[in-house]
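Values below: every heavy atom of this structure, side chains too, minus hydrogens, waters and symmetry copies. Everything quoted here is computed from the prediction, not taken from an experiment.
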Amino acid sequence: MKYEHKSIEQKWQKAWEDNGIFHAEENSKKPKFYTLIEFPYPSGQGLHVGHPRSYTALDIIARKKRMQGYNVLYPIGWDAFGLPTENFAIKNHVHPKEVTKKNVARFKSQLQSLGLSFDWSREINTTDPKYYKWTQWIFLQLFKNGLAYKKEMAVNWCTSCKCVLANEEVVNGGCERCGSEVVRKVKSQWMLKITAYADRLIKDLDLVDYPERVKAQQKNWIGRSTGAEVDFTTTTGDTLTVYTTRPDTLFGATYMVISPEHPLIEKLSSVIKNMDEIRAYQEAASKKSDFERTEVAKDKTGVKIDGVEAINPVNNRQIPIFISDYVLVSYGTGAIMAVPAHDTRDWDFAKKFDLPIIEVVKGGEDVQKAAFTDCATGILVNSDYLDGLSVDDAKKKIIEKLEETGKGHAKVNFKLRDWVFSRQRYWGEPIPIVHCPCCGAVPLDESELPLELPNVESYEPTDNGESPLATMTDWVNTKCPKCGADAKRETDTMPQWAGSSWYFLRYMDPHNDNALASPEALKYWSPVDWYNGGMEHTTLHLLYSRFWHKFLYDIKVVPTPEPYAKRTSHGMILGEDGGKMSKSRGNVVNPDEIVDTYGADTMRTFEMFIGDFENAAPWSSSSIKGCRRFIERFMGLTDIMTEDNNIRPALESAFHKTIKKVGEDVENLKFNTAIAALMSLINDIYATNSITRKELEIFTKLMSLFAPHAAEEVWSVKNLGKGFVSVSEFPTYDESKCVENTVEIAVQVNGKIRDKIVVPVDIDQQGAVSLAKQSEKVNSFLDGKNIVKEIYVKGKLVNIVAK
RNA sequence: GCCGGUAUGGCGAAAUAGGCAGACGCAAGGGACUUAAAAUCCCUCGGAGUAAAAUCCGUACCGGUUCGAAUCCGUACCGGUUCGAGUCCGGUUACCGGCACCA
């Protein structure tokens, strides 16, 4: 049979869609299976060869589950709010809505050309007011529950996007999206209190099946640490509270450091003698970007505060206070007690400013030469009632003492900060809040949702840091929903992460106007059974959506504490040169060209065959030919089919083994070896020059996971079964038929292979060894030696140990 | 610096409760078919070695355990915990990812 991929692929894509065979069933009695991929951002560049790697992988899972009798939900939609669209709109003077529409159409046709078994009847779009009505609704619930609040604070400001960024969006001091410089800017911002969920976001990782690296990264990002807050009094009678993870070293505190922004400085400005010097330091620190501030500086800087000192609560020793930018205002209390003997940063600082270093934990080298930071082995010294204790015991004891005397208490801290939720841009969900001069921030009534984006003249971001919406006075000016007074709408919009934080719920019931999804649909489909996506979203989307879902669980909207039961992650497809695909490198592969030249089936098979799914893999324009040949050979089977409706005995175990292997490998994301097994089997089939009807039926079903169009064609041309092979019953195997009658085993002498023999599969040790000894080759190595030991490993080898 | 991961032919990679290293595919070389090329089919394909064999070497490094190690161990060097350490804690090289002055 001639293989014309273009006509075949178009034909079957249309047939699948016309018959709706991939639509998830409503009110089904079948067990459900919800497979999910991260819905794409429809960029102007169109689909990238990286997208199909994830989509094809879960498509294969979805297809297999469908064939195994599950009611499968494999949905698709568009995460369409965002800056590139807006920037394109500004440049070309088109409405972002139009840009989005065009990009979605392009993406949709590209995706459909790949033969992915999405349920297109559930397509969603985050920019659709019917969709973002519910994004806004969730925001209102967060607001009503005190988890959304507005706060004046220093934020990350992208100088190019003219917009604030969340901490998660700042990469190496630059904007995650455009790479431009990020500076600190004080602005009033909407914040979401993700920190209220910090503990549960760590703890509930135990409930889900995620790769270890994902769990580790999330834990690392949340950064839980346990320690104590300790109150120091100052010579002015004020209280200076510090956070420390090493309260056991309190006796070794020889100075204190507060961050340049610490409020105590203003409060004591009249007492401080060197205020000019301090002001100059503050000024210099504020000019540094966040990146420079947090970069591990080799050289510590700081200024000693003149005129006020602190008193160590455990020994009443008077110690100096410094300001230094190595202490961050945003972590802990913005102040530390410095224990140079047991903290490398404090040690560096102490050396530079010639401050005393007092050893309070014994067990390391000379603390005058380097800080000793090992908690596991140290023993407390020079610490009064803590002397002789281990670090752990000393921590417990000192915290007890502090709590007794009211000088401190145990404290847990997180690196995680609240989520900066405002963006000063047009193309995002409007925040449904009205600012009233009397009532403050007032939420819109839920019946007013969706609060739609107005049409504006210009989407250009403003230099004064306000959203383009602020210029729309008839939209901005409104009445307070509470008291009716003249009031103004919030003009900031939500970040792109808002719409994607709950989209998987909408798929369960995408056309519902009364709720984000019906309780019945949520109950039936939750949680997502298998979610595949990129590692780059681990501390962004994946964390945000877990947070929202936990909140929705708390207010009894969703039935499960975690949104995704299982998460897997694919590796990147690299350019042929081994580097990341990018326009500037000129190594970008266009999927349209691949589909055009080789067909979607080849593209799919190749992306699955390319290597370990979880690792990065370079594209190869020559290797893909092997996959094309494989599919041609598959199509060619139709020319050698016989009407025999059995599996031939010679191939029986090969078929059963392949069914088993393909099924298991697919579940374990080992697509490459599953395809290799099918290639091996087809080689065995061609060696016999024929294939039976029954054999072709099974082979076609297995192939339909990877090359669904070609499989449908073979299925229908040879009339192998009713309907579509894509929804036929997945073949089963018989474990007992997976084994051959005879097997070739290796014969070793002293661990070196000397011969290979064919033996019955169930032969015992004695039989195998005596057969092995009949080999001349083996005997030549045994000559003149005594046999010490004979080893037989069933189905593998015989090893004769001789001396 | 900390956390996680990886290391196998010319290339993408297989094989780990220890058991035939390199499945499957690409590339390459030879042959068949063809006026020729492409396509297809057959053969070879880790390295050294040989006329062909034999044989030796080979899974980042070094060292071990074992009849047998890509797979297990680190006992190499030193120290600690312990009545008692091969067993618990603390090493080397290269690359990738994450975090990084988080007290």
Check for me whether A:K300 meets the cation-pi criterion with A:F349, that is, NZ or CZ under 6.0 Å from the six-membered ring centre and within 45 degrees of the ring axis.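 Checked: cation-pi criterion not met.
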For the [atom1] atoms, the ones on [N] and on [M], what distance do you get once it is rounded to whole angstrom?
{"N": "B:rC24", "M": "B:rA13", "atom1": "C1'", "value": "8 Å"}
{"N": "B:rC56", "M": "B:rU50", "atom1": "C1'", "value": "13 Å"}
{"N": "B:rA53", "M": "B:rA39", "atom1": "P", "value": "31 Å"}
{"N": "B:rG98", "M": "B:rG46", "atom1": "P", "value": "38 Å"}
{"N": "B:rG5", "M": "B:rG9", "atom1": "C1'", "value": "24 Å"}

Should the heavy atoms of other residues, nucleotides or ligands under 6.0 Å from NZ of A:K352 be counted, would the total exceed 12?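 Above 12, so yes.
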Can you tell me if NZ on A:K796 sees more than 12 non-hydrogen neighbours from other groups inside 6.0 Å?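 Count not over threshold, so no.
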B:rG9 glycosidic conformation (syn if within 90° of 0, otherwise anti) is syn
Working for side-chain hydrogen bond (donor to acceptor under 3.5 Å, both in side chains), residues A:T195 and A:D418: CA-CA 6 Å; A:T195 51; A:D418 277 343; 2.6 Å; yes
Between A:F322 and A:F353, is the ring centre distance below 6.0 Å? yes
How does each nucleotide of nucleotides 11-25 of chain B score, in 5' to 3' order, for protein heavy atoms under 4.0 Å: base (B), sugar-phosphate only (S), or none (-)? -BSS----BBS-BBS
Can you run through RNA chain B from 5' to 3' and write each base as (, ), [, ], | or . depending on how it pairs? Watson-Crick or G-U wobble, both distances under 3.5 Å. (((((((..(((......[....))).(((((.......))))).(((......)))....(((..]....)))...(((.......)))..)))))))....
Can you find a donor-acceptor pair, distance only, under 3.5 Å between A:K300 side chain and B:rC101 base? yes
A:Q765 side-chain N/O to A:E790 backbone N/O, donor-acceptor pair under 3.5 Å: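 Yes: the side chain of A:Q765 pairs with the backbone of A:E790.
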Taking atom types as modelled, is there a side-chain donor on A:E614 or A:T568 under 3.5 Å from an acceptor on the other? no
Expressed in angstrom and rounded to an integer, what is the separation of A:H570 atom NE2 from B:rG5 atom P?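 It works out to 20 Å between those atoms.
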